[in-house]
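Remember, it's a predicted structure, so these values are computed and weren't measured experimentally. Along the sequence shown, residues carry numbers from 1. What's counted below: heavy atoms across the whole structure, side chains too, no hydrogens, waters or symmetry copies.
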Amino acid sequence: MAAQPWRTGKIIRIENETASTKKFWIEIPELERFDFVPGQFVTLDLPIHDQPNKRWRSYSIASAPDGTNVFELIIVLMEGGLGTTYLFNEAVVGTAFPVRGPQGHFVLTDPITTDIFMVCTGTGIAPFRSMIQHIHHNDIPHKDIYLVYGTRKCQDALYLDEFLDLKHKLPKFHYFPTFSREETVAEGLSIGYVHGVYEQLMKDKTEMPHFYLCGWKDMITEARQRIQDLGVDKKSVHFELYG
């Protein structure tokens with residue numbers, strides 16, 4: 001497949017999601033539609049360095065395809081990170097920069113013929129939000145989908161209310177947010193790490209699901225080993241690394 005060209009992207013909206021994360025809506029004015037497959041990412045060419053490859057930052061698309069030329073990103077401010085510092089402190093509505101994409105093969109199988117476990121931490125939830133909202137908006141047939149999401153504190157949870165609401169609207173969608181640095185949590189939430197959650201859920205499974213992992217390297221490395229120890233074929237474990 002030929003590489004996608006660089007196109008101009010323009011920020012048309014910015015919202016705070018948490019104290020350290022923002023949502024950015026980016027429009028591609030030269031296109032009527034920005035088509036992508038849920039789970040794919042884009043690369044931004046930001047004015048932060050003289051060398052092109054040191055200006056590039058890639059982010060998974062957090063919105064579902066909707067037939068427009070706009071997509072949403074969810075970005076966390078990284079201490080000392082040139083890219084996120086620019087986006088948080090200098091970029092405003094109207095700021096433009098080159099964008100390349102969509103890119104990547106971290107996508108669901110079509111049709112969905114097995115149960116799906118989506119395991120993520122932090123902004124690793126972005127591709128899964130795109131996938132789940134796409135399934136919901138288009139009534140795509142699916143088996144059970146388990147979203148296991150981990151972060152430190154409840155106040156850091158991304159799209160929390162949206163997913164709590166969606167689990168009542170989307171059949172066979174199960175949402176398990178877990179927090180590693182809370183002492184007490186509200187009903188429907190849990191304390192701990194993502195690994196304990198999916199291991200407990202797997203105890204009731206007689207057929208092997210597919211696992212999709214997104215987040216930092218250490219989480220994914222540990223998860224891949226634990227999941228294979230549960231008897232899941234490594235070919236059924238798909239992952240997207242951050243950082």
Side-chain angles (χ1 to χ4, degrees), residues 1-78 81-108 110 120 122-140 157-163 165-166 214 240 242-243:
M1 182 181 295
Q4 291 289 335
W6 289 99
R7 296 185 170 95
T8 298
K10 182 177 69 173
I11 297 174
I12 62 169
R13 182 178 167 194
I14 302 172
E15 284 186 7
N16 294 326
E17 174 72 2
T18 71
S20 60
T21 56
K22 289 187 178 185
K23 296 184 285 189
F24 296 82
W25 282 263
I26 297 176
E27 178 186 54
I28 309 297
E30 68 187 75
L31 299 177
E32 290 187 5
R33 296 169 55 106
F34 182 78
D35 292 319
F36 61 94
V37 180
Q40 291 189 300
F41 66 90
V42 293
T43 299
L44 313 184
D45 186 353
L46 303 174
I48 55 176
H49 202 280
D50 292 335
Q51 297 182 34
N53 64 338
K54 293 187 177 181
R55 297 195 304 258
W56 298 342
R57 298 293 186 272
S58 295
Y59 301 101
S60 293
I61 300 170
S63 52
D66 61 3
T68 74
N69 62 351
V70 176
F71 58 88
E72 178 184 339
L73 304 179
I74 181 88
I75 298 175
V76 61
L77 178 63
M78 301 299 297
L82 293 179
T84 59
T85 297
Y86 169 79
L87 288 169
F88 273 62
N89 297 342
E90 298 185 47
V92 296
V93 170
T95 294
F97 38 70
V99 175
R100 184 170 64 191
Q103 300 166 274
H105 304 284
F106 186 68
V107 299
L108 294 177
D110 184 20
C120 56
T123 54
I125 201 169
F128 300 138
R129 179 179 184 255
S130 181
M131 294 172 184
I132 293 164
Q133 288 291 6
H134 180 67
I135 290 168
H136 178 49
H137 293 157
N138 295 279
D139 295 321
I140 294 173
L158 306 178
Y159 303 111
L160 179 64
D161 291 339
E162 177 182 313
F163 283 119
D165 182 60
L166 191 59
C214 189
E240 187 93 303
Y242 273 29

[atom2] on [Y] to [atom1] on [X], rounded to 0.5 Å:
{"X": "Ile12", "Y": "Asn69", "atom1": "CD1", "atom2": "CG", "answer": "7.5 Å"}
{"X": "Ser20", "Y": "Leu77", "atom1": "OG", "atom2": "CG", "answer": "7.0 Å"}
{"X": "Phe71", "Y": "Tyr59", "atom1": "CZ", "atom2": "OH", "answer": "12.0 Å"}
{"X": "Ser60", "Y": "Leu73", "atom1": "OG", "atom2": "CG", "answer": "9.0 Å"}
{"X": "Glu17", "Y": "Ile75", "atom1": "CD", "atom2": "CD1", "answer": "12.5 Å"}
{"X": "Lys10", "Y": "Ile28", "atom1": "NZ", "atom2": "CD1", "answer": "11.0 Å"}

Between Arg57 and Ile48, is the side-chain contact (heavy atoms from CB on, under 4.5 Å) condition met? List the steps. CA-CA 10 Å; Arg57 298 293 186 272; Ile48 55 176; 3.6 Å; yes
Residue pair [X] / [Y], side-chain heavy-atom distance below 4.5 Å:
{"X": "Ile135", "Y": "Leu108", "answer": "yes"}
{"X": "Val70", "Y": "Glu27", "answer": "yes"}
{"X": "Lys22", "Y": "Leu87", "answer": "no"}
{"X": "Leu166", "Y": "Tyr159", "answer": "no"}

Check whether more than 12 heavy atoms from other residues, nucleotides or ligands sit under 6.0 Å from atom CD of Glu30, and answer yes or no.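 Yes - once you tally the heavy atoms of other residues, nucleotides and ligands closer than 6.0 Å, there are more than 12.
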Within the supplied structure, the quantity of interest is the number of heavy atoms (other residues, nucleotides, ligands) at a distance under 6.0 Å from Asp50 CG; does it exceed 12?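 No - once you tally the heavy atoms of other residues, nucleotides and ligands closer than 6.0 Å, there are 12 at most.
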Indicate the ring-plane relationship of Phe34 and Phe36, choosing parallel, tilted or perpendicular according to the 30° and 60° boundaries.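 Aromatic pair Phe34/Phe36 classed tilted.
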Test ring-ring contact (aromatic ring centres under 6.0 Å, His included) on Phe106 and Phe128; report intermediate values, then the result. CA-CA 10 Å; Phe106 186 68; Phe128 300 138; 5.8 Å; yes
If every non-hydrogen atom of [X] is compared with every non-hydrogen atom of [Y], which pair is closest and at what distance?
{"X": "Glu240", "Y": "Gly39", "answer": "OE2-O, 4.2 Å"}
{"X": "Ala64", "Y": "His137", "answer": "CB-ND1, 4.3 Å"}
{"X": "Ser130", "Y": "Pro65", "answer": "OG-CD, 4.4 Å"}

Pairwise salt bridge (charged side-chain N to carboxylate O under 4.0 Å, His left out) hits with a residue in residues 36-47, at least two apart: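 As it turns out, the salt bridge (charged side-chain N to carboxylate O under 4.0 Å, His left out) pairs with a partner in residues 36-47, which skip direct neighbours, are Asp45-Arg55.
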With sequence neighbours left out, which residue pairs that include part of residues 62-72 fulfil the salt bridge (charged side-chain N to carboxylate O under 4.0 Å, His left out) condition?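 Qualifying pairs: Glu72-Arg129.
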With sequence neighbours left out, which residue pairs that include part of residues 10-29 fulfil the ring-ring contact (aromatic ring centres under 6.0 Å, His included) condition?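 Qualifying pairs: none.
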Pairs under 3.5 angstrom only: tabulate donor-acceptor contacts from the side chains of residues 89-103 to other protein residues two or more places apart or in another chain.
unit_1	atom_1	unit_2	atom_2	d
Thr95	OG1	Val92	N	2.9
Thr95	OG1	Val92	O	3.0
Gln103	OE1	Thr43	OG1	2.9

Donor-acceptor contact below 3.5 Å, side chain Asp165 vs main chain Asp161: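 Side chain of Asp165 to backbone of Asp161: no pair is present.
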Residues forming a ring-ring contact (aromatic ring centres under 6.0 Å, His included) with Phe88, sequence neighbours excluded: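 In terms of ring-ring contact (aromatic ring centres under 6.0 Å, His included), with neighbours along the sequence ignored, Phe88 is linked to no residue.
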What residues, two or more places apart in sequence or in another chain, satisfy side chain to side chain contact (heavy atoms under 4.5 Å, CB included) together with Thr123?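 Side chain to side chain contact (heavy atoms under 4.5 Å, CB included) check on Thr123 returns Thr21, Ile74, Val76, Leu158, Tyr242.
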